[in-house]
Amino acid sequence: VSPEEYERHKRLLEGAIEKRAKHFFTEHARVFAGIKAWSSGDLEEFGKLMSESGKSSIEDYECGCEPMKQLLDILLKSPGVFGARFSGAGFRGCCIALVDEEQAEEAMHYVLESYRQVQPVLSRQLENETAVLVCETGGCARLY
């Protein structure tokens with residue numbers, strides 16, 4: 001089904017199928033917008049698209065458990081975060097955020113402390129050294 005066909009017929013969909021299709025086609029559009037934003041170095045736009053993706057996965061695809069949703073909310077309020085979303089569908093997966101390099105350390109501490117406040121029991125199971133990982137982007141995917 002092409003995006004054009006979806007737009008013509010989406011009014012015929014109902015319930016969960018309607019929501020899943022909406023997520024699929026809006027995610028499809030976000031991927032192409034994300035390529036453009038990333039390629040031009042527009043981190044704010046890329047982050048916005050990440051966050052829209054995360055919101056859609058919760059609202060339209062109905063992914064996520066409460067601790068993951070809380071973590072996502074914390075990330076979105078963290079210093080220097082351009083955007084965040086689930087990875088692994090939000091069920092025992094993880095969250096990923098695009099963070100300003102100069103504020104990564106501050107964001108890391110904010111996330112740890114804030115998550116401990118909203119999930120005191122669950123956060124005791126975290127290993128402090130690996131609870132929040134700061135990574136850098138690397139080149140691009142290549143076939144060898």
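Residue indices begin at 1 and follow the sequence shown.
Taking CG of Asp60 as the reference point, atom CZ of Phe24 lies at 13.5 Å (rounded to 0.5 Å). The distance from the NZ atom of Lys22 to the CG atom of Leu13 is 12.5 Å, given to the nearest 0.5 Å. Taking CG of Leu112 as the start and OG of Ser123 as the end, the distance is 9.0 Å to the nearest 0.5 Å. How far CD1 of Ile74 is from CZ of Arg116: 11.5 Å, rounded to the nearest 0.5 Å.
By the 4.5 Å heavy-atom criterion applied to side chains, Lys55 and Ile58 are not counted as neighbours. Phe46 is listed as a side-chain neighbour of Met50, based on a closest heavy-atom distance under 4.5 Å. Under the 4.5 Å side-chain criterion, counting only non-hydrogen atoms from C-beta, Val121 is in contact with Arg124.
Between Val99 and Pro79 the shortest heavy-atom distance is CG1-O, 4.1 Å. The nearest pair of heavy atoms linking Ser57 to Phe86 is OG-CD1, 3.7 Å. Across every non-hydrogen atom of Pro67 and Leu122, the tightest pair is CB-CD2, 3.7 Å. Contact record, Tyr115 with Leu71: CE1-CB, 3.9 Å, taken as the closest heavy-atom pair. Taking every heavy atom of both residues into account, Arg11 and Arg8 meet most closely at NH1-O, 3.8 Å. When all heavy atoms of Leu43 and Trp38 are compared, the closest pair comes out as CD2-CZ3, 3.9 Å.
In this structure a side-chain-to-backbone donor-acceptor pair under 3.5 Å is missing from Ser39 to Lys36. With Ser53 contributing its side chain and Leu49 its backbone, the two residues share no donor-acceptor pair below 3.5 Å. Judged purely by atom type and a 3.5 angstrom limit, Glu5 uses its side chain to pair as donor or acceptor with the backbone of Ser2.
Just one of Arg85, Met68, Gln70 meets the side-chain contact (heavy atoms from CB on, under 4.5 Å) condition when paired with Cys95; it is Met68. Partner Leu75 forms a side-chain contact (heavy atoms from CB on, under 4.5 Å) with one of Val111, Leu98, Val132 and no other, that one being Val111.
Hydrophobic cluster membership is shared by Val118 and Met108, with clusters built from Ile, Leu, Val, Met, Phe, Trp and Tyr side chains linked at under 4.5 angstrom. In the hydrophobic clustering of ILVMFWY residues, with side-chain heavy atoms under 4.5 Å counting as a link, Val134 and Tyr110 come out together. There is a path of hydrophobic side-chain contacts, each under 4.5 Å, that joins Tyr6 to Ile17.
The number of heavy-atom neighbours closer than 6.0 Å to CD of Glu44, taken from other residues, nucleotides and ligands shown, is 12 or below. For Glu66, the CD atom is densely surrounded, since the number of other residues' heavy atoms within 6.0 Å is greater than 12.
The pair Glu52-Lys48 meets the salt-bridge criterion, since a charged nitrogen lies less than 4.0 angstrom from a carboxylate oxygen. A salt bridge is absent between Lys19 and Glu59: the closest approach of a Lys/Arg side-chain nitrogen to an acidic carboxylate oxygen does not fall below 4.0 angstrom.
Classified by interplanar angle (parallel below 30°, tilted 30° to 60°, perpendicular above 60°), the ring pair His23/Tyr61 is tilted.
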Side chain to side chain donor-acceptor pair (under 3.5 Å) between Ser56 and Glu27, intermediate numbers included: CA-CA 8 Å; Ser56 178; Glu27 191 75 348; 5.3 Å; no

